[in-house]
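In each ligand, atom 1 is the first atom listed, and ligand 1 is the first ligand listed. These values consider heavy atoms only, across backbone and side chains, with no hydrogens, waters or symmetry-generated copies.
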Amino acid sequence: MTFKNLNELSKFYKKKRSERITSLEKSGFLKNDWKESLENNLHLSEEIADSMIENQIGTYQLPYGLALNFLIDGEDFAVPMATEEPSVIAAASSAAKLFREYGGFQTAVTERMMIGQAIITNVPDPEKAIALLEENEIDIIQKANQAHPSIVKRGGGAESIRIREIEADQEYQTPHFLIVHLQIETLEAMGANIINTMMEAILPFLEELTKGKALMGILSNYATECLATASCRIPCEALKKGSLSGEDVRDLIVLASKAATIDPYRAVTHNKGIMNGVDAVVLASGNDWRAMEAGAHAYASRSGQYRALSSWQAASNGDLVGELTLPLPVGTVGGSISFHPGAKMTHHLLDNPDAEKLESIIVAVGLAQNFSAIRALVTEGIQKGHMSLHARSLAISAGAQGDEIEKTSQLLKESKHMNLAQANDLLNEIRKKQ
Ligand SMILES: CC(C)(COP(=O)([O-])OP(=O)([O-])OC[C@H]1O[C@@H](n2cnc3c(N)ncnc32)[C@H](O)[C@@H]1OP(=O)([O-])[O-])[C@@H](O)C(=O)NCCC(=O)NCCSC(=O)C[C@@](C)(O)CC(=O)[O-]
Ligand SMILES: NC(=O)C1=CN([C@@H]2O[C@H](COP(=O)(O)OP(=O)(O)OC[C@H]3O[C@@H](n4cnc5c(N)ncnc54)[C@H](OP(=O)(O)O)[C@@H]3O)[C@@H](O)[C@H]2O)C=CC1
């Protein structure tokens, strides 16, 4: 870990892009030989883009920014985020700034055990099949590992099996399913391709043992054995806002957390706020955000009802304490991580974290994001902070260019209605005066 000069990043958002890149270099987060890639806007070459997907006709860009002030497990981070939504990065930075005074974010990650599943139907004698599967666990694991020996050489691979049965269901007209889970350590990779290779390789053996028909072999994106937790704590005094006391704000945040625990309509929006942060870092780090999204929402439903992923509570000494847990099977290798210029930059700016540390960073950003959103909601409302940063997007949507963008957004912030019609009117007025 190299020393970081955080003073260089002060009022980062007030600087021009070129000045931000220089400050980032001076701060120690950006090494000199990486500067050019940022100056070139993380250009994705035609050749790479065309090799990544099918029928490629262009590259679809997103803004790439930094959430500042993060202190995670005692270490400073400037966290890259790729997002199209205004106010997300400001909100994450704002919460991180507040919490760093009180120790920042603490995290814990479970072992990174990924799950592959084989779904087997038409099993004539499930009891006998289960007994045989259990007896042959070592052989199943061996066959899986033979299909991808390189991960075993690296110290990972298939480790154990777990068997689940789902009984036939008349209402849904589903047959009996025998499901074999293979628990696989994929080390620094998310491991989708490693797991899928292993699962397909063991299907014939599973059919032989169960005398059933294998429907499929595939990883499960419900990564319940790859969980990351972030927690944070702040005294009430630090929460005072306008006429509201710190205790008032704390109690309102706790109540907002309870509402999102009990009401799925609120929980979905609450969790969307968390995913504002999570997705932006997952995307910036070259990871599979669909996988994280699907896993997070399934985890939010684990009790049988969709609930908030985070919780905010008053501690016995009166502090506000927040916690967030979600499955985060991210990788630092694999997919496009090693060649996508944006993903490479993210890993560089984060000091090349290993997969566990990347999980820690992402879950901490999710919790910070959630704090800012609910604090805004229960105090001044979301529109003040969000819409004032959204004003520029409205101005651009109305067709403002160059200086017009700043002028239109300033006037929008001062006007009663902040919407596209108003932005159009204001832009027309500005143009008439020119
Ligand atoms: C927007 C703020 C942070 C302003 O909040 P503020 O209190 O006016 O900010 P401030 O001017 O006091 O600045 C505090 C710090 O915030 C950061 N900051 C402040 N401004 C900027 C900026 N322009 N660019 C970058 N960083 C900024 C910056 O770190 C700054 O410290 P400084 O560097 O000045 O020492 C606040 O109003 C806020 O957090 N609002 C919430 C915004 C939000 O959550 N947006 C997400 C979109 S809404 C949504 O999709 C989800 C939602 C809300 O529905 C989820 C849910 O319902 O739970
Ligand atoms: N349902 C889903 O989520 C699905 C997702 N995907 C996609 O799969 C991709 C991710 O798959 P994934 O298997 O992670 O990536 P890769 O297929 O790229 O595999 C990762 C490779 O990284 C190499 N590697 C180097 N160092 C390490 C290390 N320390 N630990 C682990 N591996 C190492 C391994 O090489 P070696 O072979 O030499 O061991 C391994 O094969 C994503 O693009 C995702 O979108 C695909 C199918 C389904």
Side-chain angles (χ1 to χ4, degrees), residues 6 9-15 20 52-53 65-70 83 85-98 100 112 114 116 147-157 184-199 218-223 241-242 253 256-257 259-260 266-277 280 286-295 308 310 329-340 343 354-355 368-390 392:
L6 300 180
L9 303 181
S10 157
K11 299 294 168 197
F12 197 69
Y13 56 98
K14 302 214 161 136
K15 297 180 189 201
R20 288 181 194 148
M52 284 176 74
I53 59 160
L66 284 180
L68 300 178
N69 315 316
F70 272 91
T83 180
E85 191 170 3
S87 87
V88 164
I89 290 183
S93 305
S94 164
K97 184 181 171 196
L98 197 59
R100 72 174 292 119
R112 289 171 48 82
M114 308 302 171
H148 204 109
S150 50
I151 195 71
V152 182
K153 265 195 220 133
R154 291 181 200 279
I184 306 165
E185 221 180 298
T186 57
L187 304 174
E188 285 298 301
M190 169 208 186
N193 292 313
I194 300 169
I195 300 168
N196 295 345
T197 305
M198 289 186 175
M199 294 316 298
I218 183 82
L219 87 157
S220 169
N221 285 118
Y222 193 23
K241 185 100 184 161
I253 290 175
S257 168
R266 174 57 206 150
V268 172
T269 325
H270 178 101
N271 290 344
K272 186 273 182 187
I274 293 170
M275 300 313 279
N276 274 342
N287 274 288
D288 185 334
W289 46 272
R290 288 84 57 206
M292 305 311 138
E293 276 282 332
S310 66
V330 288
T332 59
V333 296
S336 62
I337 295 172
S338 63
F339 57 81
H340 187 280
D354 62 13
Q369 202 74 57
N370 178 228
F371 170 82
S372 279
I374 54 178
R375 180 180 60 159
L377 285 170
V378 299
T379 56
E380 60 193 15
I382 199 72
Q383 292 304 68
K384 185 168 176 280
H386 178 63
M387 287 310 272
S388 71
L389 292 168
H390 187 53
R392 283 165 163 269

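Considering backbone and side-chain N/O atoms, R154 comes within less than 3.5 Å of an N/O atom of ligand 2. When only interatomic distances are considered, the shortest N/O to N/O separation between K272 and ligand 1 falls below 3.5 Å. An N or O contact shorter than 3.5 Å is missing between H270 and ligand 1 by distance.
When each atom of ligand 1 is checked for a heavy atom of L377 under 4.0 Å away, the hits are 56 (C), 57 (O), 58 (O). Every atom of ligand 1 is numbered from 1 in the order shown, and the set under 4.0 Å from a heavy atom of N69 is 29 (O). Below 4.0 Å from some heavy atom of A373 lie the following atoms of ligand 1, by number and element: 44 (O), 53 (C), 55 (C), 58 (O). Atom numbering of ligand 2 starts at 1 in the shown order; those under 4.0 Å from a heavy atom of G335 are 15 (O), 16 (P), 18 (O), 43 (O). Near G385, with a cut-off below 4.0 Å to any heavy atom, the atoms of ligand 1 are 37 (O). Each of the atoms 37 (O) of ligand 1 lies under 4.0 Å from some heavy atom of E380. Applying the 4.0 Å criterion to heavy atoms of L389 picks out, from ligand 1, the atoms 1 (C), 23 (N). Close approach to N196 involves these atoms of ligand 2, each under 4.0 Å from a residue heavy atom: 47 (C), 48 (C). Near I194, the atoms of ligand 2 lying under 4.0 angstrom from a non-hydrogen atom of the residue are 13 (O), 40 (C). With ligand atoms numbered from 1 in the order given, ligand 2 contributes 30 (N), 31 (C) to contacts under 4.0 Å with heavy atoms of L187. Close approach to I151 involves these atoms of ligand 2, each under 4.0 Å from a residue heavy atom: 31 (C), 32 (N), 39 (O). Each of the following atoms of ligand 1 lies closer than 4.0 Å to a heavy atom of S87: 42 (C), 43 (C), 45 (N), 46 (C), 47 (C). Taking every heavy atom of M190 and a limit of under 4.0 angstrom, the matching atoms of ligand 2 come to 3 (O), 10 (C), 14 (O). For ligand 1, the atoms closer than 4.0 angstrom to any heavy atom of E85 are 47 (C), 48 (S), 49 (C), 50 (O).
Proximity of N287 to I337: side-chain heavy atoms (C-beta onward) are separated by under 4.5 Å at one or more points. At a threshold of 4.5 Å between non-hydrogen side-chain atoms, the residues M198 and I151 count as touching.
Contacts of K384 with ligand 1, taken as heavy-atom pairs under 4.0 Å, are absent altogether. Proximity of I218 to ligand 2, defined as any heavy-atom pair under 4.0 Å, is not found for any part of the residue. Heavy atoms of H390 found under 4.0 angstrom from ligand 1: none, in either backbone or side chain. Contact annotation for K241 and ligand 1: only side-chain heavy atoms (C-beta onward) come within less than 4.0 Å of the ligand. At a heavy-atom distance under 4.0 Å, only side-chain atoms of N276, from C-beta outward, approach ligand 1. If you look at L68 next to ligand 1, there are no close heavy atoms at all, none under 4.0 Å. The part of D288 lying near ligand 2 is the side chain, judged by heavy-atom distances below 4.0 Å. For T186, every heavy-atom contact with ligand 2 shorter than 4.0 Å involves the backbone, none the side chain.
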For this session: Give the C-alpha distance, both sets of side-chain angles, the deciding distance and a yes or no for side chain to side chain contact (heavy atoms under 4.5 Å, CB included) between K97 and L68.
Result: CA-CA 8 Å; K97 184 181 171 196; L68 300 178; over 6 Å; no
For this session: For R100 and L6, run side chain to side chain contact (heavy atoms under 4.5 Å, CB included): C-alpha distance rounded to whole Å, both residues' side-chain angles, the deciding distance at 0.1 Å, then the answer.
Result: CA-CA 12 Å; R100 72 174 292 119; L6 300 180; 3.4 Å; yes
For this session: Run the numbers on L98 and R375 for side chain to side chain contact (heavy atoms under 4.5 Å, CB included), then give the verdict.
Result: CA-CA 12 Å; L98 197 59; R375 180 180 60 159; 3.6 Å; yes
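With respect to atom 22 (O) of ligand 2, the closest heavy atom belonging to the protein is V333 CG2, 3.7 Å. The protein atom (non-hydrogen) at minimum distance from atom 39 (O) of ligand 2 is S150 OG, 2.8 Å. For atom 16 (O) of ligand 1, the closest non-hydrogen atom on the protein side is S94 CB, 3.0 Å. Distance from atom 21 (C) of ligand 1 to its nearest protein heavy atom, with residue and atom name: A90 CB, 3.6 Å. Protein heavy atom nearest atom 53 (C) of ligand 1, with residue, atom name and distance: I382 CD1, 3.4 Å. Remark: minimum distance from atom 17 (O) of ligand 2 to any protein heavy atom is reached at N193 ND2, 2.8 Å. The nearest protein atom to atom 13 (O) of ligand 1, hydrogens excluded, is given as Y13 OH, 4.6 Å; this is a heavy-atom distance. Here the heavy atom of the protein found nearest to atom 54 (O) of ligand 1 is T269 CG2, 3.7 Å. Of all protein heavy atoms, the one closest to atom 20 (C) of ligand 2 is G334 CA, 3.7 Å. Nearest non-hydrogen protein atom to atom 14 (O) of ligand 2 is G191 N, 2.6 Å. Protein heavy atom closest to atom 40 (N) of ligand 1, with residue, atom name and distance, is A376 CB, 3.8 Å. Looking from atom 7 (C) of ligand 2 to the surrounding protein, the closest heavy atom is A192 CB, 4.0 Å. Nearest to atom 1 (N) of ligand 2 among the protein's heavy atoms is N221 OD1, 2.9 Å. For atom 41 (O) of ligand 2, the closest heavy atom belonging to the protein is H148 NE2, 3.7 Å. The closest protein non-hydrogen atom to atom 38 (C) of ligand 1 is A91 CB, 4.2 Å.
Other residues, nucleotides and ligands place no more than 12 heavy atoms under 6.0 Å from the NZ atom of K384.
Considering K14, K97, Q383, M275 only, the shortest heavy-atom separation from atom 35 (O) of ligand 1 involves K97.
The two residues T186 and M114 make their nearest non-hydrogen contact at OG1-CG, 3.4 Å.
Distance check on atom 7 (O) of ligand 1: some protein heavy atom falls below the 4.0 Å cut-off. Protein heavy atoms come within 4.0 Å of atom 43 (C) of ligand 1.
For the pair R266 and ligand 1, a heavy-atom separation below 4.0 Å is found.
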